[in-house]
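Each residue takes its place number in the sequence, starting with 1. Remember, it's a predicted structure, so these values are computed and weren't measured experimentally. Computed over heavy atoms, backbone and side chain alike; hydrogens, waters and symmetry mates excluded.
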Amino acid sequence: MNTLTIDQNIYNGAELYAKRHNISLQTMVEEMLKNVISSKPSKEPSALPAKWEKLCGILRGVSDENDERFNYIINK
């Protein structure tokens, strides 16, 4: 058995949730952790919508918020 330390407010809320759903806190945490470790991460990053892809190049090379192009786009 291992021990985790969590914020008391989070513990209290989780304990209340578990009681309301008639499960033990241990079971609830174990099930949540199983779900996290069993989910398969996407190998491909999510693609931006086409209209956003077109905008990606507009701010290429902008290094700070004082750049004219940045301010033009933000204030438009």
Review point. What distance do Met28 atom CE and Leu33 atom CG have between them, rounded to the nearest 0.5 Å?
Key: 10.0 Å

Practice item. Hey, could you give me each pair passing salt bridge (charged side-chain N to carboxylate O under 4.0 Å, His left out) that has a residue in residues 20-38? Not counting sequence neighbours. Key: Glu31-Lys34

Review point. Which pair of non-hydrogen atoms, one from Ile10 and one from Ile6, has the smallest distance, and what is that distance?
Key: CG2-CD1, 4.2 Å

Practice item. For residues Tyr11 and Leu25, report the shortest heavy-atom separation together with the two atoms involved. Key: CE1-CD2, 3.2 Å

Could you list the donor-acceptor pairs under 3.5 angstrom formed between side-chain atoms of residues 12-19 and any protein atom two or more places apart in sequence or on another chain?
unit_1	atom_1	unit_2	atom_2	d
Asn12	OD1	Gln8	NE2	2.9
Asn12	ND2	Gln8	O	3.3

